[in-house]
Number of protein chains: 2
Amino acid sequence: MIAVMDTSLLIADASGAAATPTAPTTPASLLPSAPESGRQPLYRRLADHYQSAIQAGTLVAGDRMPSVRDLMRQHQVSLSTALQTLRHMEEGGWLEARPRSGYFVRQPRRSAIRPVQEPKSLLAIDAGQFVGIHERVSKYIALRQAGAPHIDLSGMTCAPQLYAVETLKQAAMRALRERPELLTSAMPHNGNATFRQAVARRALNAGMRIDTEEVVVTHGCIEALNLAMRAVAGPGDTIAVESPTYFGLLQALENLGMKALEIPTSPHTGISVEALELAVRTYGNIKAVVVVPNLQNPLGCIMPEDHKDQLVRLCDQLKLPLIEDDAYTELADGSVTPSSLKSRDRNGNVIYCASLNKVLAPGMRLGWMNGGRWHERVKMLKFTHTRANEEWTQVTAADFIASPAYDRHLRRLRQMLKQQRERMAESIAAYFPEGTRLNLPNGGVGLWVELPVQVCSQQLFERALAEGVGVSPGAIFSNSSRYGHFVRICCGHPFNRELDQALRRLGGLVHHLADA
Amino acid sequence: MIAVMDTSLLIADASGAAATPTAPTTPASLLPSAPESGRQPLYRRLADHYQSAIQAGTLVAGDRMPSVRDLMRQHQVSLSTALQTLRHMEEGGWLEARPRSGYFVRQPRRSAIRPVQEPKSLLAIDAGQFVGIHERVSKYIALRQAGAPHIDLSGMTCAPQLYAVETLKQAAMRALRERPELLTSAMPHNGNATFRQAVARRALNAGMRIDTEEVVVTHGCIEALNLAMRAVAGPGDTIAVESPTYFGLLQALENLGMKALEIPTSPHTGISVEALELAVRTYGNIKAVVVVPNLQNPLGCIMPEDHKDQLVRLCDQLKLPLIEDDAYTELADGSVTPSSLKSRDRNGNVIYCASLNKVLAPGMRLGWMNGGRWHERVKMLKFTHTRANEEWTQVTAADFIASPAYDRHLRRLRQMLKQQRERMAESIAAYFPEGTRLNLPNGGVGLWVELPVQVCSQQLFERALAEGVGVSPGAIFSNSSRYGHFVRICCGHPFNRELDQALRRLGGLVHHLADA
């Protein structure tokens, strides 16, 4: 994910003891910014420069970093920039300080942590279950609310300050000044035309051809998912879902009187297309499949492009409606956005459900959808359930989304999230016991952590809550008991000492539960 | 509805030809304002003064009104106020101008129109039907949208300028300035606490004891109704509803896979409690009843207080959940608000669903509910369907609702609606054929008009649309064909010549269809 840079400027000392680049010196101001990061501060560019060298193996663990004085001279930076560079790299786990000797290269601890295990079989399917997950989820939500954890890592929401508060506020003020009657006028069905156009245009850039008229604005992605499932299935019907999957989906399914059939899902490549095919051929009555192809919740994986092709083709052949849940795609690292399933849709078999809660602003509750060949039914269901979204929020969002400021915001957000994920993974690697596994996802807001198998994450949830820390126990992501030793941890908050200490406490509890 | 005034100051001429009050003269500035109307302009108070005299029989049809000069002298008003008074009374149907003779008293035409007929029997019940009303409604909505009528009288929404646009805009700006992070923060479950407190306090004043914690904020009343029905019933279950009833309710029921059992409802006293009891005893499987006790949609009736008592008692005895739909109560004429069913609820059997769309602002899409003894389930269903409402709108609304400006706004709104209803009824009486019936409701936004029985209101709907006028055909308010010759007409727009002409065109079409 970190862009390849010219590391020829770094010449490691042949002795291996000190990596002091000699001539020619490179002014830090000439170092490139990572393409996805916009214009970075000098110390960040300098740190990236050395981190790339470590990743490329030009510098290896144990190498001595150039001293403060070296950095100042070689890169023509101030004392403060040189110090910031070293401190930033130390915080990121790339360097360790040895008293009176300076800084030495080390591999981040997180690189030692092993990845989450693949499912035992990518073909073993549980029959559709319907076991009252909503009680489990409701209990968890009620407990978390009552507990009001001081540090809440249970959601998938970023901290408010990660968003463009001031720009949005200005857009909102503008909307109010120019069109105050939006507050007191009945709303257009299906949403404000300018907002629908703004999201349709972005979808077009992402390879999806969706007319403005074919957009229905919803209250977040969860309403879109509810409408999608109601459009293609009724009570008693079975819907195939990923395993593990977002608990909100399981809860919604149960409340609609539908059954969930969990399809094995790889933490690296996403839903098993083979298992889905087998499931449909075995249990003929599956009415749809819901998939998060990019930055799956909770796994964090992005489906490889050829898996996406296969999935869309299979659903097409089987005439199985494919519901795409797209809440996180724009939070993927790098400058190339992973492709959607919808962009592969040739005959309206994909119902596309998007959320702007994570990428634009959690407080605006905006989502949208295209119902594919069920679009008319989706429109009718939206009308009968919540009519239309208030227009003012949409006008504000459209203003922002259509401006260059939106992409700048997204670049900044992605960069901050990447840093936050890495730092949290570093703390987890430091504080959690042997046997803990996690995948560092290439984007998004969450870490899916596999704890030693004897750890009950519901116990962990309750004890952590008592210590003021909120997490999401694995048990709520499935109707099965398969994820009882997993936990989902939110990386949406800027990393700081308090967060580090919270993870230390959490790690202590995991140690305790693992040893019990 | 018009306050009783001292009419002793008006002394009708014994000859009956001219009603010229003699001494003592009354300065118009000393005339009282109607108590519900706030401070009215002089000409309005003077007009009310004479209108009361007509209603009280002090002045009768054919009497000559005092001349402009008389009015100026007797009430110490300017020429312009005297002229405005006479013109206002003429527009309201209280006076007619005879060339070169002056103004003469007449009964408003609307007083000659007969009321809507009672149902044939208040006990004849149709078995629960399930006949695809949503297709009928969807077709109607699609046609109306495509037709984009220039004058749309099909909704139940007031014109934007009837609301406190400027006050709301200021409140919204304040909220943005003081708490811009509302835009980018995750919302509290169930709604913003200040807003919930504001509506709970108003409910308290209306006799309902609902804690702030027992309020769930919803996207309008329609979401509340959906949640209420899902809380107490499932697919295949039957819900008792008024007949006729709001089409949105029938559509929602069908989309939830539930059946509607229509209970005879009087256009004067509301749902027949006897018929409801009979229905429950006959068809044991009724899961709930949905009632609009005040300003029923489309009938416009307010249930007498003792009927409300009986209804709540019966539902309690039968353990039949009673879902109260309260969208219009605060639009009732007069200074005393009709009571709710919820205010009679002793053990949580009433699920209360309120809308602020009609009273506060249609563009803010705010509703709220209390789930009675199903409140926990309601909260969970809200969470799984649309999570929580965006907070900014609620903060804005709370600011306004808690201020004295809100009651001032409501008084003004009620007064304007009364005037609009009366003027529209006057035009209907003038332009619609013999045999047209309507009740002039004591509040609200709509008129329910019974046309001559041979008129098909769906044909009327289509032809009117072709002429740029939107109305709601009776057929969509029931699964039966009972209301095929009814039409609902919105009175939410300030009356003007264009509206009068639209009703003239509509009347012409009704004539044509009645004669065909």
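Naming convention: chains lettered A, B, ... in sequence-line order (proteins, then strands); numbering from 1 in each chain. The structure presented is a predicted model; accordingly, all values stated were derived computationally and were not measured.
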Part of [X] lying under 4.5 Å from any heavy atom of chain A:
X: Glu166(B); answer: neither
X: Thr157(B); answer: side chain
X: Ala388(B); answer: backbone
X: Ile141(B); answer: side chain

Contact part of [X] toward chain B, heavy-atom cut-off under 4.5 Å: side chain, backbone, both or neither?
X: Leu182(A); answer: backbone
X: Met187(A); answer: side chain
X: Gln145(A); answer: side chain
X: Arg377(A); answer: side chain
X: Ser138(A); answer: side chain

Show, in sequence, the C-alpha distance, side-chain angles and deciding distance for Asp237(A) and Lys259(A), and conclude whether the salt bridge (Lys or Arg N to Asp or Glu O under 4.0 Å) test is met.
CA-CA 6 Å; Asp237(A) 287 337; Lys259(A) 293 177 191 165; over 6 Å; no

Ion pair Lys382(A)/Glu223(A), N-O distance below 4.0 Å
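Counted as a salt bridge, because a side-chain N and a carboxylate O are separated by less than 4.0 Å.
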
Taking [X] for the side chain and [Y] for the main chain, is one N or O donor matched with an acceptor at less than 3.5 Å?
X: Arg230(B); Y: Asn255(A); result: yes
X: Asp211(A); Y: Glu214(A); result: no
X: Glu330(B); Y: Leu410(B); result: no
X: Asn226(B); Y: Ile222(B); result: yes

If you count heavy-atom pairs within less than 4.5 Å of chain B, which of His189(A), Gln161(A), Glu181(A) leads?
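Counting heavy-atom pairs under 4.5 Å, the top option is His189(A).
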
Residue pair Arg387(B) / Asn357(A), side-chain donor-acceptor N/O under 3.5 Å
no

